[in-house]
Colleague: 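Supplied in structure tokens, the structure appears directly below.
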Amino acid sequence: MVLAVPKLPGYLLLVTVDQQRVARKRTYLMCSPEHFAVEYAINPWMDLGTPVDAQLAVKQWGRLREALLDLGHDVHLLAPEPGLPDMVYAANGAFTVDGAVYGARFRHEQRTAEAAPHRAFHEGRGWRFVAPNETNEGEGDFAYLPEAYGGLVLAGHGFRTELPAHAEAQEALGRPVVSLRLVDPRFYHLDVALGAIDDRNIAYFPGAFSAASQKVLAQLFPDAVVADDADALAFGLNLVSDGANVVLDAEATRLAGRLRAAGYTPVPVELTELRKGGGSVKCCVGELRA
Ligand code: ARG
């Protein structure tokens, strides 16, 4: 932010005030891509003809995990299961707020079996688990901003999570849920079009949302960081932030610059292989909010 401070008549002293962004320690859940493959196509990014380098996928995922650990965060691991190639996208298994867990119910039959190990993980931790009756894909379509309007949930619908799940999540978690309609199949989950960059603000790509939902976002988040289509298509919004450090796909270079200009520290990671399944950083990282 640049402030113009009047000093002597006829002079302007320009003072640069850097926004101090404050990191908060987080607890994450990840699942190794040991069994990752593109064996079916349930989003426009999945192409059965494009080979996946499985070893590289494991390596890149490992670097992502290291980046989160290096920032001082805790990372819990879920055991990957053979036959569930998308289980690496751990964000989809549940949505947690205030130590309560709203479980996922996957839209596609190929992923439905992922819900059980997530449920077992959360029940094992003793948090209140709410089993879903409605189709929803966890943090793929839910984001939480603890300091926006006293604690606000943003929820996507249009491709995966169904609208009644938004009301179900509100009842399960006791936080207001704002429904946002996704309209572009390339942005089939909320978390590929919008990311929480701290406890009260977001970065997003307006073009992924209906005109009305764009209006809602502009009203709620006048200071949002707005991404362009190139960075959105490079999965830049599929980010994980601790309030100061924003871990994001290395290809989203312009968004990284915008975040830096807004006082955040971008932490780029390469996830070329996992992107072939239609996900990047955030898809691989579920947040456990006590
Ligand atoms: N192949 C997975 C699917 O289509 C990718 C999930 C990505 N996860 C996410 N949180 N956006 O379901």
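Note that the structure is a prediction, hence the values are computed from the model and not measured. Ligands are counted one by one from 1 in listed order, and the atoms in each one are counted from 1 as well.
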Colleague: Out of all atoms in ligand 1, which are within 4.0 Å of some heavy atom of Asp86? Include the element for each.
Modeller: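 Those of ligand 1 that fall under 4.0 Å from Asp86 are 1 (N), 2 (C), 3 (C).
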
Colleague: Could you work out, for atom 9 (C) of ligand 1, the closest of Gly93, Cys284, Cys283, Gly279 by heavy-atom distance?
Modeller: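 Looking at heavy atoms only, the winner is Cys283.
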
Colleague: With nothing but distance in play, are any N or O atoms of Glu137 less than 3.5 Å from an N or O of ligand 1?
Modeller: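 Among all N and O atoms of Glu137, none is under 3.5 Å from an N or O of ligand 1.
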
Colleague: For ligand 1, which atoms have a heavy atom of Gly140 less than 4.0 angstrom away?
Modeller: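 Listed by number with element, the hits are 10 (N).
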
Colleague: Using heavy atoms and a threshold below 4.0 Å, how should the contact between His108 and ligand 1 be classified: side chain, backbone, both, or neither?
Modeller: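 Neither part.
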
Colleague: Could you pull out the closest heavy-atom pair between Gly156 and His166, with the gap in Å?
Modeller: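 Closest pair (atom of Gly156, atom of His166, distance): O-NE2, 2.8 Å.
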
Colleague: Name the closest protein heavy atom to atom 10 (N) of ligand 1, giving the residue it belongs to and the distance to 0.1 Å.
Modeller: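 In this structure, atom 10 (N) of ligand 1 has Asp191 OD2, 2.6 Å as its nearest protein heavy atom.
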
Colleague: Using a 4.0 Å heavy-atom cut-off, which part of Lys282 comes near ligand 1: side chain, backbone, both, or neither?
Modeller: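 None of Lys282 does.
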
Colleague: With respect to Leu29, which candidate in Thr96, Val285, Leu78 satisfies the side chain to side chain contact (heavy atoms under 4.5 Å, CB included) definition?
Modeller: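 Per the side chain to side chain contact (heavy atoms under 4.5 Å, CB included) rule, the option paired with Leu29 is Leu78, out of Thr96, Val285, Leu78.
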
Colleague: Just which atoms of ligand 1 are under 4.0 Å from any heavy atom in Met46?
Modeller: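 Selected atoms, number and element: 1 (N).
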
Colleague: Are the ring centres of Phe95 and Phe142 closer than 6.0 Å?
Modeller: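 Distance test on ring centres: under 6.0 Å, yes.
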
Colleague: Apply the side chain to side chain donor-acceptor pair (under 3.5 Å) test between Asn92 and each candidate in Arg111, Arg160, Glu114; give the one that qualifies.
Modeller: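 When side chain to side chain donor-acceptor pair (under 3.5 Å) is applied between Asn92 and each of Arg111, Arg160, Glu114, only Arg111 qualifies.
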
Colleague: With heavy atoms only and a cut-off of under 4.0 Å, state how Arg160 meets ligand 1: side chain, backbone, both or neither.
Modeller: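 Side chain only; the backbone of Arg160 stays clear of ligand 1.
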
Colleague: Side chains of Arg289 and Tyr144: is there a donor and an acceptor less than 3.5 Å apart?
Modeller: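 Absent: no donor and acceptor within the cut-off.
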
Colleague: Does atom CD (Glu270) have a neighbourhood of more than 12 heavy atoms from anything else shown, all under 6.0 Å?
Modeller: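 12 or below, so no.
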
Colleague: Looking at non-hydrogen atoms alone, which of Phe36, Tyr188, Trp45 comes nearest to atom 5 (C) of ligand 1?
Modeller: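 Shortest heavy-atom distance from atom 5 (C) of ligand 1: Tyr188.
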
Colleague: Is the closest N or O pair between Gly277 and ligand 1 shorter than 3.5 Å?
Modeller: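 Yes, there is a polar N/O contact under 3.5 Å.
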
Colleague: Ignoring hydrogens and geometry beyond distance, is a side-chain donor-acceptor pair present between Ser280 and Asp249 at under 3.5 Å?
Modeller: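 Per modelled atom types, Ser280 and Asp249 side chains form a pair under 3.5 Å.
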
Colleague: Output yes when the distance from some N or O of ligand 1 to some N or O of Arg111 is under 3.5 Å, and no in every other case.
Modeller: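 Checking ligand 1 against Arg111, an N or O pair does fall under 3.5 Å apart.
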
Colleague: Do Asn245 and Asp242 meet the criterion of a side-chain donor-acceptor pair at a distance under 3.5 Å?
Modeller: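 Side-chain D/A pair, Asn245 to Asp242: present.
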
Colleague: Could you walk me through whether Trp45 and Tyr188 satisfy the ring-ring contact (aromatic ring centres under 6.0 Å, His included) test, starting with their C-alpha distance in whole Å, then the side-chain angles of each, then the deciding distance to 0.1 Å, before giving a yes or no?
Modeller: CA-CA 10 Å; Trp45 303 95; Tyr188 60 95; 8.0 Å; no

Colleague: Going by distance only, is there an N or O of Asn43 that falls short of 3.5 Å from an N or O of ligand 1?
Modeller: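 There is such a contact, yes.
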
